[in-house]
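Read through the structure below, which is laid out as structure tokens, and then see the notes.
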Amino acid sequence: MNIQFESAGVSFGARVALEPLTLAISGKRIGVIGLNGSGKTTFARLINGLTKPTSGRVMVNGRDTADEKTVVADVGFIFQSPQNQIILPIVKDDIAFGLKRRGLSKGEIEARVEGVLARFGAEALADRRAHELSGGELQVAALCSVLATGPGILILDEPTNQLDLKNRALVERIIAGLPESAIVITHDLELIGGFERVLLFHQGRLAADAPAAEAIARYREIAA
Ligand SMILES: Nc1ncnc2c1ncn2[C@@H]1O[C@H](COP(=O)(O)OP(=O)(O)OP(=O)(O)O)[C@@H](O)[C@H]1O
């Protein structure tokens with residue numbers, strides 16, 4: 001992944017969600033931490049074009065995120081509540097949905113749906129109803145729907161929120177094993193504890209850009 005923030009900032013009227021930020025991001029794993037309202041989600045939404053900068057620009061793999069059509073394919077976003085991500089009632093139909101929109105053939109779609117479920121050993125979820133899934137199963141289903149379309153960059157917003165210990169461990173293992181680049185926004189400090197690069201936001205500003213231990217120590221000072 002190659003993400004460039006070029007004086008990119010976001011204001012909502014008089015409220016500054018993110019001060020203009022200049023930053024280059026590459027590598028496999030990036031953690032994003034900070035108190036509630038510090039600008040983490042705004043930062044992430046800038047990367048996939050869901051939020052447009054009100055100043056500066058954000059480039060993803062050489063393309064301006066203002067050009068939504070091209071960037072969306074590069075960046076998969078797993079929302080804070082995966083139940084809001086799954087649109088269709090049956091898991092395999094939901095995974096296929098994003099692929100149909102990309103104009104793939106029926107055979108190709110079936111192969112991709114099977115392949116992505118097999119990747120997580122989640123074949124049994126194919127015919128399940130999304131609203132009957134557990135929190136961990138929902139995370140896996142949402143991941144499958146997003147990963148099936150082949151984004152090179154994945155943004156996970158609070159992926160362990162509200163999960164029990166078993167499902168939290170599952171999600172931690174999945175993140176560790178992803179071949180895609182992943183940006184993980186979280187209050188779960190253990191989840192990003194091993195990351196080489198963690199961005200700490202505070203009051204709309206980047207307060208630390210450092211290995212996990214250093215960024216977490218700074219976060220604890222801010223939160224105290
Ligand atoms: N659409 C919006 N309209 C107005 N203000 C907004 C909007 N989106 C975000 N904000 C404000 O911008 C600031 C940063 O919000 P953001 O969601 O990026 O924080 P966050 O660090 O992700 O918080 P949390 O951990 O609670 O999810 C907050 O003050 C928030 O209220």
Side-chain angles (χ1 to χ4, degrees), residues 1 3-25 29-60 64-66 68 71-72 75-86 135-136 138-139 142-143 146 151 153-164 167-168 171-172 175 181-193 195 197-212 214-224:
M1 85 174 139
I3 300 170
Q4 309 277 343
F5 277 67
E6 300 174 1
S7 303
V10 177
S11 296
F12 296 99
R15 184 193 293 272
V16 178
L18 194 70
E19 298 274 356
L21 176 67
T22 296
L23 185 72
I25 307 170
R29 297 288 178 267
I30 304 286
V32 179
I33 59 175
L35 299 174
N36 291 129
S38 57
K40 305 181 297 294
T41 301
T42 304
F43 168 79
R45 287 171 62 95
L46 281 171
I47 296 171
N48 74 342
L50 277 176
T51 294
K52 305 289 178 204
T54 49
S55 63
R57 64 176 188 167
V58 178
M59 303 292 288
V60 174
D64 193 329
T65 56
E68 210 167 287
V71 174
V72 161
V75 184
F77 201 116
I78 311 280
F79 295 100
Q80 240 180 70
S81 307
Q83 60 272 27
N84 296 339
Q85 187 133 22
I86 298 177
L138 262 177
Q139 275 290 350
L143 263 168
V146 172
I153 303 169
L154 202 59
I155 300 176
L156 299 113
D157 196 355
E158 298 283 1
T160 56
N161 198 18
Q162 295 180 348
L163 294 184
D164 62 26
N167 282 311
R168 188 203 161 279
V171 168
E172 188 170 25
I175 292 172
S181 295
I183 297 173
V184 182
I185 307 169
T186 191
H187 293 284
D188 177 348
L189 300 178
E190 261 181 58
L191 187 67
I192 49 90
F195 287 16
R197 190 170 182 196
V198 173
L199 309 177
L200 166 67
F201 285 92
H202 184 53
Q203 296 176 342
R205 285 199 184 88
L206 187 63
D209 177 357
E214 200 181 320
I216 289 170
R218 178 89 184 94
Y219 180 46
R220 293 213 161 102
E221 285 168 17
I222 285 172

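Numbering of ligands and ligand atoms starts at 1, following listing order. These numbers come from the heavy atoms of this one structure, side chains and all, not from hydrogens, waters or symmetry mates.
Ring geometry, Phe43 versus Phe5: the interplanar angle falls under 30°, so the pair is classed parallel (tilted spans 30 to 60°).
For the pair Ile3/Ile183, a side-chain contact is recorded, criterion being any heavy-atom separation below 4.5 Å from C-beta on.
Put simply, the residue from Leu189, Val184, Ile192, Asp209 that forms a side chain to side chain contact (heavy atoms under 4.5 Å, CB included) with Val198 is Ile192.
Within 4.0 Å of ligand 1, counting heavy atoms only, the contacting residues are Phe12, Arg15, Ala17, Leu35, Asn36, Gly37, Ser38, Gly39, Lys40, Thr41, Thr42, Gln80, His187.
Open room surrounds CD on Glu190; 12 or fewer heavy atoms of other groups in view lie less than 6.0 Å from it. Residue Arg205 places its CZ atom among 12 or fewer non-hydrogen atoms of other residues, nucleotides or ligands, all under 6.0 Å distant.
Salt bridge annotation for Asp188-Arg168: present, with a cationic side-chain nitrogen under 4.0 angstrom from a carboxylate oxygen.
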